[in-house]
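Down below is the structure, laid out as structure tokens.
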Amino acid sequence: MKKTFSGVQPSGDLHLGNYLGAIRNWVRMQDEYDATFCVVDLHAITVEQNPDELRRRILDVTKMYIALGIDPDKSTIFVQSDVVEHTELCWILNCVSARMGDMEKMTQFKDKSARGSAQRASVGLFDYPVLMAADILLYDTNVVPVGEDQVQHVELARTLARRFNKKFGDTFIVPQPKLTKEGKRIMGLDDPIKKMSKSATSKDNYIALMDDVEVVRKKIRKAVTDSGSEVIYSDNKPALQNLINIYSLLSGKEIADIENDYIGKGYGDFKSDLADVVIAFLKPFQEKFAKISDDEVKQILKNGAKTAKIRAQEKMKLVKEKIGFVI
Ligand code: TRP
């Protein structure tokens with residue numbers, strides 16, 4: 001069975017973009033692949049985190065994975081920092097595989113550090129793609145399902161794997177990125193030109209998976225629309241296109257049918273129905289989430305870490321042998 005690995009950071013609110021762009025695909029993939037899904041807390045601390053909030057979010061993101069349909073009996077679910085091999089392999093790749101020239105090309109670092117000052121960004125933020133490569137390479141991952149913004153990082157993992165293999169002999173599988181085609185289209189509600197993002201300046205940018213009914217209605221009502229008044233799916237109407245995508249993905253209705261339903265109606269009717277569609281998805285999810293206890297999650301994470309650790313240790317033994325450590 002081919003292996004897949006992916007992860008989400010326990011920082012900020014998980015939102016519809018995370019679900020439609022990533023986690024929904026993971027749920028489908030877990031039947032076809034030997035799947036591992038990680039809560040990447042080591043990645044989260046590349047920017048400042050409040051320790052109590054971080055602790056809470058790690059448990060909550062895990063609960064969300066499960067409530068969204070990741071099944072701990074089918075997939076391995078674990079917290080990155082529970083498996084120290086991630087940091088160990090990251091360091092080794094830093095030294096023997098990654099070059100400054102690779103890292104200076106990383107556009108996400110340039111974007112993120114430009115928002116603050118590059119001088120004040122953590123060294124970890126700069127090195128984050130190497131840690132991500134370590135995550136992927138530790139588990140002989142064949143396929144990495146990611147959004148468009150992470151493809152460059154998976155490309156780096158490919159480069160580091162190839163370079164290591166060339167220098168030390170076959171050690172790592174060279175992974176493939178797998179783009180989610182609808183997911184990359186989930187854009188911000190307040191700015192349909194940019195991806196929906198939990199680090200957006202306004203919470204009106206996204207619908208968080210934990211938003212309550214009133215907040216969902218308000219955010220959709222406030223969502224930017226295009227000029228005109230007809231509900232049609234066109235590149236000239238990027239805001240509406242995004243809202244129709246969300247409607248279609250959550251309801252399973254074809255885009256053409258949605259357009260048909262709103263002939264002669266306006267944005268207001270469409271938005272009010274879209275809110276119903278979103279709420280019909282979020283409600284059962286939130287109920288499932290509420291039923292999962294912290295203790296249950298901790299047990300699932302403990303089991304997941306055990307499985308992940310066995311695999312990671314085996315890989316690290318090989319890596320250390322190759323590079324000349326005594327084991
Ligand atoms: N960097 C990814 C993000 O921010 C999360 C991530 C960390 C990841 N390690 C990974 C994704 C390994 C896929 C595979 O979205």
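Along the sequence shown, the residues carry numbers beginning at 1. Each ligand, and each atom within it, is numbered from 1 in the order the structure gives. Keep in mind it's a predicted model, so treat the numbers as computed, not measured.
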Next item on the list: May I ask you to check whether Phe285 and Tyr19 place their ring centres under 6.0 Å from each other?
Entry: no
Check: Can you list the atoms of ligand 1 that are under 4.0 Å from a heavy atom of Ser6?
Finding: 11 (C), 13 (C), 14 (C)
Check: Is the count of non-hydrogen atoms from other residues, nucleotides or ligands lying under 6.0 Å from Lys110 atom NZ greater than 12?
Finding: yes
Notebook entry, point to check: Has ligand 1 got any nitrogen or oxygen that is less than 3.5 angstrom from a nitrogen or oxygen of Gln9?
Noted result: yes
Next item on the list: With His86 as reference, evaluate Trp91, Tyr139, Tyr128 under the ring pair (Phe, Tyr, Trp, His ring centres under 6.0 Å) test and give the passing residue.
Entry: Tyr139
Checklist line | Protein contact to atom 9 (N) of ligand 1 [nearest heavy atom, distance to 0.1 Å] | finding: Asp135 OD2, 2.7 Å
Note to self: Surrounding NZ of Lys167 (heavy atoms of other residues, nucleotides or ligands, distance under 6.0 Å), is the total greater than 12?
What the structure shows: yes
Next item on the list: Considering the heavy atoms of Val144, write down every atom of ligand 1 situated less than 4.0 Å from one of them.
Entry: 13 (C), 14 (C)
Next item on the list: Measure the spacing between OG1 of Thr201 and CG of Asp190 and express it to the nearest 0.5 Å.
Entry: 7.0 Å
Notebook entry, point to check: What part of His153, side chain from CB on, backbone N/CA/C/O, both or neither, has a heavy atom under 4.0 Å from ligand 1?
Noted result: neither
Item checked: Enumerated ligand 1 atoms positioned under 4.0 Å from heavy atoms of Val40 -> 7 (C), 9 (N)
Notebook entry, point to check: Which of the numbered atoms in ligand 1 are below 4.0 angstrom from a heavy atom of Tyr128?
Noted result: 1 (N), 2 (C), 3 (C), 4 (O)
Margin query: Does either side chain, that of Asp226 or that of Tyr267, offer a donor lying less than 3.5 Å from an acceptor on the other one?
Written below: no
Notebook entry, point to check: Which option out of Ala134, Ala44, Ala22, Gly7 puts a heavy atom nearest to atom 6 (C) of ligand 1?
Noted result: Gly7
Next item on the list: Of the side chain and backbone of Ile136, name the one, both, or neither that has a heavy atom under 4.0 Å from an atom of ligand 1.
Entry: side chain
Check: In Å, rounded to the nearest 0.5 Å, how long is the span from CD of Gln152 to NZ of Lys105?
Finding: 8.5 Å
